[in-house]
Structures are given as C-alpha cells and as structure tokens.
Amino acid sequence: MGSSPRVRFAPSPTGSLHVGGARTALFNWLYARAKGGSFVLRIEDTDAERSTGESAASIIRDLEALGLSWDEGPGCGGECGPYFQSERLELYRAAAERLLADGKAYRSFQTEEERALVRQARERGESAEAEARYTELDRDEEARRMDAGEPFAVVFRVEPGETVVHDLVRGEVRFRNEDLGDFVIVKSDGRASYNFAVVVDDAAMRIDPVLRGEDHLSNTPRQILLYRALGYAVPQFGHVSMILGPDKTRLSKRHGSVSVQHFLAAGIVPEALVNYLALLGWGAGDDREFFTLEELVGAFSLDRVARTAATFDPAKLEWMNGRYLADLPDEQRGELVHAFLQSRGLREMGQEVSPARARELAALVGDRMKTVPMFLDYAGFFFEESITPSAEDIEGVLVKRAVHTDLCALARRLDAVEPWNDAGVETAFRDFAEESELKLRDIVGPARLAVSGKRQSPGMFESITLLGKERSVSRLCAFGTAHPPRADES
Ligand code: GLU
C-alpha cells in the first residue's frame with residue numbers, strides 16, 4: 001500500500017441506500033480522511049435489469065446529505081473514470097480477452113440453465129465428486145461454434161490449491177480452491193460478472209485497501225485469483241461485520257424501513273445518524289459515544305473495528321438524535337423545523353410559516369423533541385383550526401378532578417391583557433386563580449386542554465402568548481361554553 005491510500009464505496013444502484021451501505025461508505029470515508037487518502041465513489045450498475053438511474057441518484061443524494069463527500073466519482077470525475085460500471089464495459093472485455101489468450105479462462109457454450117446446474121451442484125458440495133465443471137471444448141470445436149456465432153460465456157479456470165485472505169479485520173481466512181470451482185466472468189450476453197468487474201475496476205482505480213461488508217468475504221478468494229491471473233498487485237481487504245436487527249438476524253427490510261432516507265425523513269439529523277452508524281462495529285476504545293464527523297476522523301482506526309456483529313437499535317438512534325437536537329442552537333433547530341413544516345405543507349391560519357416563526361415555535365418546544373417530527377406532538381395545535389380533545393382527557397381533567405374553572409371568564413380576562421406577552425398572560429392566570437379561589441394548576445390543566453387539545457404541552461403561558469390573543473380567547477371560550485363550571489359539586 002502506498003503512503004496515500006485510495007478506498008472506495010461501490011454501491012449497486014438497485015434500491016435506496018440502507019444503513020449497512022451507509023456504514024460501509026462511512027468507514028471508507030473515515031479511513032481516507034484519517035490517512036490523507038482518497039475516497040472514490042463507483043456505481044456498480046452492470047446489472048441492467050435491476051439497476052436504475054433513480055436509485056443511483058438517490059444514493060448520491062443520501063451520501064451528500066450525510067456529508068460523505070468523495071474525491072473521485074459521479075459529479076466530480078477524476079483520473080480513473082468513468083465511475084459508472086456501465087461505461088466501463090470495454091475494459092472488462094479487454095481483460096477477458098487477455099485471460100482467454102493466456103489460457104486462464106475458456107469459453108463455455110453451455111446454456112445458462114446448464115451452467116446453473118453446475119453451480120448448484122457445486123453449492124451442494126458435489127464439486128469434487130461429480131466433477132461439477134463447465135464444459136470446456138477443444139480448440140477446433142470452439143472455433144467452429146464461434147464461427148457459427150453461437151453465444152458463449154467466459155469462464156475463469158480455478159487451479160487446485162488454497163487461497164488465503166489476510167483480512168484487516170478478521171485475520172487469516174482460508175479457502176479451498178476446489179470449493180470455489182471455475183466461475184463465469186463474462187456472461188453470454190456480454191456482461192461482466194460482479195467478481196470480474198470489481199477486480200478490473202479496483203485494480204484500474206488503484207483501490208487499496210478494499211473495505212466492505214462481510215457478505216462479500218466469500219467473493220474475495222475468487223477476486224484474489226483474478227488479480228493474480230491478470231498480473232495485478234493484490235490489495236488488502238477488510239470485511240466489516242454485518243449489522244443485525246433487534247432479533248439478532250441480519251438487518252433487512254423485515255425489520256422495517258432501514259434506508260437512510262427513511263431515517264432522515266423521520267427527523268433524524270444527519271450528524272446524529274453518522275455518529276450512530278460509526279458506533280455500529282467501531283468504538284474509540286473508551287465509553288465515549290458522541291463524535292462529530294471531524295472528531296471521528298481523528299479517532300477512527302481499523303484496528304478498533306469489531307469482528308463481532310453490531311446490533312441496530314432504533315431507540316438508541318432516537319435517543320442520540322434527541323441529544324443532538326437538544327444541543328443545537330435555537331437558530332438551527334428553527335431551520336430544521338421550518339424545513340419539516342414546509343415538507344409537510346403545514347400552514348398556520350392559512351399562512352405559510354416563516355423561518356422566524358418556526359424558530360419561535362421550535363424554541364417553545366425546546367429539547368422535548370427527540371426527532372424533528374416530534375415537534376408536532378407538542379406544537380401541533382398551532383396548525384389546527386379547531387381543537388377537539390378526547391373524551392378521555394376531558395374526563396380526566398374536568399370530571400375526575402372535579403374542576404370548576406370558568407374558562408369563559410378566564411378568556412375575558414386574557415382579552416384585556418395589554419401588552420400581550422408572557423408576563424401579562426401569567427399575571428392574568430394568577431389573578432384569576434386568586435379571585436376564583438382555585439389553585440393555579442386547576443386552571444392551567446383545563447386551559448391547556450382547551451387551547452392545545454392535550455394534557456401535556458410546552459409552557460402554558462408561553463404557548464398562549466405565541467398562539468395569540470384571538471385564537472387563545474376563542475378556544476378557551478369555546479371549550480368553556482361546551483363544559484361550563486360544575487359549581488353544583490363544590
Ligand atoms: N456493488 C457491491 C454491493 O453493492 C459492492 C461491491 C464491493 O464492495 O466489492 O454489494
């Protein structure tokens with residue numbers, strides 16, 4: 001490995017970026033930044049049926065949202081481009097020709113179905129016994145079929161022996177070549193297989209080390225054999241353990257949505273997501289949990305990447321996100337809330353919510369919100385036209401506690417508050433409590449239900465001030481009229 005390593009993230013654009021992929025991208029990014037190397041993004045879109053441009057675009061957007069910028073790749077180019085595999089087919093063809101000419105690969109004129117049978121036999125462990133191999137023809141027969149224009153796949157010949165992976169994370173892993181068996185590198189439709197394209201590209205892009213998920217470990221011996229056959233220097237490999245769901249099976253869609261987009265849309269801030277992902281399989285060696293991207297660069301090293309699988313815990317992510325939100329200055333929290341309200345198309349009294357108003361409301365909710373959408377749990381009543389508390393809450397507040405507050409009278413008092421501010425609202429509440437010989441909380445409880453529809457809300461006086469005189473008075477009065485004081489029970 002040279003002094004300035006080059007690493008890459010090589011997603012297949014067949015869906016959205018999930019947390020496992022994002023973690024692989026993050027570890028590569030951190031490795032490059034920590035070592036002063038380069039981070040390359042390569043889109044592995046050789047599978048034309050499953051790859052889509054939208055998926056590639058969304059993966060790119062998500063990486064950008066997480067702040068994982070690349071030095072070479074789509075958008076910025078670089079000296080080893082193009083960075084879409086679909087634009088590199090000529091390189092694969094040339095490399096396959098070279099292996100054929102050197103006798104390290106051969107042509108198979110079998111059908112896809114016949115080859116699938118060979119593969120399956122091998123997967124069942126029948127390789128040695130049943131001589132499960134692709135059919136290799138003699139030169140004349142091969143030439144005759146080629147002249148006749150028959151389609152063929154290019155198969156790599158695996159010589160007997162053993163291939164050892166010196167994994168940067170897992171140590172030495174040995175594979176018997178007989179178990180690998182010959183494998184297709186160019187399919188009969190002319191497309192390069194994953195193992196082949198990845199080696200041609202990683203070699204051409206001078207990637208070293210190759211850092212990726214453990215699910216690719218079984219591909220690595222085949223890739224090492226290809227590096228050697230093509231005369232390329234074999235890079236180092238590091239396979240990062242899988243991420244498990246709460247039930248300890250590999251994290252997948254079965255565990256609910258695990259895409260980066262899902263978490264960002266659900267109000268997880270990118271900084272918190274990146275911080276959480278870094279802890280999935282890596283730790284600084286002490287109990288420290290909070291890191292900025294910058295701090296991660298300083299702290300990251302491969303030797304603290306765990307061999308054991310990490311468990312994805314959405315509750316912990318939410319907790320961490322809450323801490324991030326709480327630490328944000330009001331200004332930034334306001335921006336997040338503003339963007340969120342816009343994305344939901346929420347308006348207040350028919351008006352679009354201004355950034356300043358969003359900031360005011362975000363400050364009111366403060367660190368109660370653990371995710372951005374939780375803002376609505378506390379401040380949703382600013383966006384509702386009328387308030388309808390549940391019968392259960394009405395029962396809880398008004399009946400069980402036998403409160404006899406005349407909310408219409410409170411409303412009249414609030415109507416007279418001048419100037420309209422927190423202090424004026426609070427004084428009106430306190431004066432009213434004194435006059436009606438009630439405890440303040442016996443007024444605040446019903447008033448909260450009347451203006452917010454809930455039994456819990458941010459500070460009552462501040463909420464009422466921000467809701468405005470007109471709406472507060474009319475909500476209190478409407479509720480007071482529907483639920484008049486229960487003087488008979490006092
Ligand atoms: N394109 C492969 C994938 O998305 C990754 C290839 C690699 O990292 O070697 O799983």
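Every number for a ligand or one of its atoms is a count from 1 in the order of the listing. Note that the numbering runs from 1 along the sequence shown for the chain.
A cation-pi arrangement, defined by a distance under 6.0 Å to the six-membered ring centre and an angle within 45 degrees of its axis, is absent between Arg222 and Phe156. Remark: Arg107 is positioned above the aromatic ring of Phe152, its terminal NZ or CZ atom under 6.0 angstrom from the ring centre and at most 45 degrees off the axis.
Between Tyr194 and His216, the distance from one ring center to the other falls under 6.0 angstrom. When ring centroids are compared, Phe39 and Tyr31 stay outside the 6.0 Å threshold.
Using a 4.0 Å cut-off to heavy atoms of Ser12, the atoms of ligand 1 that qualify are 1 (N), 2 (C), 3 (C), 4 (O). Numbered from 1 in the order shown, with element, the atoms of ligand 1 that lie under 4.0 Å from a heavy atom of Glu44 read 1 (N), 2 (C), 5 (C), 6 (C). Near Val198, meaning under 4.0 Å from any of its heavy atoms, are these atoms of ligand 1: 9 (O).
Remark: minimum distance from atom 10 (O) of ligand 1 to any protein heavy atom is reached at His216 NE2, 2.9 Å. Of all protein heavy atoms, the one lying nearest to atom 7 (C) of ligand 1 is Arg8 NH1, 3.2 Å.
The shortest N/O to N/O separation between Ala10 and ligand 1 falls below 3.5 Å.
In this structure Glu172 satisfies the salt bridge (Lys or Arg N to Asp or Glu O under 4.0 Å) test together with Arg174, sequence neighbours excluded.
Looking at Phe291, Phe27, Tyr276 one by one, the single match for ring-ring contact (aromatic ring centres under 6.0 Å, His included) with Trp282 turns out to be Phe291.
Judged by the shortest distance from any of its heavy atoms, Tyr194 lies inside the 4.0 Å radius around the atoms of ligand 1.
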